[in-house]
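For reference, the structure discussed in these notes is given below.
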Amino acid sequence: QFFGVTISVLGVAAAVERAGLRAGIIAGLLICASCFAVAAATPTWRLLVESRFVNGIGNAAWMVARMTFITNTVPKRMRGRWNSLEGTIAKSVEIVGPAVGGAIATFSGGYRSLFWAAVLGNSLAAVLVLATFDRASAVAGPDGVAPSDRGTCPGRREFARACAVREMRWAVPFVM
């Protein structure tokens, strides 16, 4: 996966720029979900390695589009907090992930269940992006997300209001 990301990131960045952030995020998630399905069902070591390489390409698309989205959406004064939160979540997953993955693999009968869980997670994330990242919203900003009334990134009050009145455009930064 690392080699897939490293080799493809520049080309993927150009493709995301042409296709748009929403399309880049969704394509990245669907590529990853497809590769996890192949990894779960593959009978050979070679196909497993190849699916992980292509998964890196999907991950690059998701990563580039997500980071560009955050840069375009989150005000400069709040980007450090968002990046810190994202980094904390990522590092927490790196610490807790192997233990949870080991438990899932042990109790579900093998490592393939981890890939199937990843298929489910990536598919769910793509559905959430489709539901919240409104490309055609008339009141939204250039990336389909309206900034809050105070010119800051949506906070707890805006998120609670969005849930109450079903304005899902406010949920996009939280989905990212």
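A donor-acceptor pair under 3.5 Å is absent between the side-chain atoms of Arg52 and the main chain of Phe2, judged by distance alone. Remark: side-chain polar atoms of Thr68 are not paired, donor with acceptor, to backbone N or O of Ala65 under 3.5 angstrom.
Separation of atoms CD (Glu50) and OG1 (Thr42) is listed at 8.5 Å; rounding is to 0.5 Å. Note: Leu128 CG to Ile25 CD1 = 12.0 Å, rounded to the nearest 0.5 Å. The OG atom of Ser123 sits 7.0 Å away from the CG atom of Leu30 when rounded to the nearest 0.5 Å.
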Subject >> Worked verdict on Ile7 versus Phe53 for side-chain contact (heavy atoms from CB on, under 4.5 Å) >> reply: CA-CA 10 Å; Ile7 291 169; Phe53 177 82; 4.0 Å; yes
Original post:
Checking side-chain contact (heavy atoms from CB on, under 4.5 Å) for the pair Leu130/Arg22: CA distance, chi angles, key distance, verdict?
Top reply: CA-CA 8 Å; Leu130 283 170; Arg22 181 177 191 258; 3.3 Å; yes
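Across all their heavy atoms, Asn122 and Ala33 have their closest contact at CB-CB, 3.8 Å. Annotation for Thr106 and Gly102: closest pair OG1-O, 2.7 Å, computed over non-hydrogen atoms. Between Gly24 and Val16, the closest heavy-atom pair is CA-CG2, 4.1 Å. Between Ala60 and Val12 the shortest heavy-atom distance is C-CG1, 3.8 Å. In plain terms, the two heavy atoms of Ala39 and Ser51 that are nearest each other are CB-OG, 3.5 Å.
Both Ile57 and Phe3 belong to a common hydrophobic cluster when Ile, Leu, Val, Met, Phe, Trp and Tyr are linked at side-chain heavy-atom distances under 4.5 angstrom.
When hydrophobic side chains of Ile, Leu, Val, Met, Phe, Trp and Tyr are connected at separations under 4.5 Å, Val119 ends up clustered with Phe36, Trp45, Leu48, Val49, Tyr111, Phe115, Trp116.
Listed by first and then second residue, the side-chain hydrogen bond (donor to acceptor under 3.5 Å, both in side chains) pairs involving residues 30-41 amount to none (not counting sequence neighbours).
Remark: Leu47 CG is packed, more than 12 non-hydrogen atoms of other residues, nucleotides or ligands lying under 6.0 Å away.
Contact annotation: the side chain of Asn55 never approaches that of Ile31 to less than 4.5 Å [non-hydrogen atoms, C-beta and beyond].
Checking each of Val54, Val9, Val5 against Asn59 for a side chain to side chain contact (heavy atoms under 4.5 Å, CB included) leaves exactly one that passes, namely Val5.
In this view, Lys91 and Glu94 satisfy the salt bridge (charged side-chain N to carboxylate O under 4.0 Å, His left out) rule, not counting sequence neighbours.
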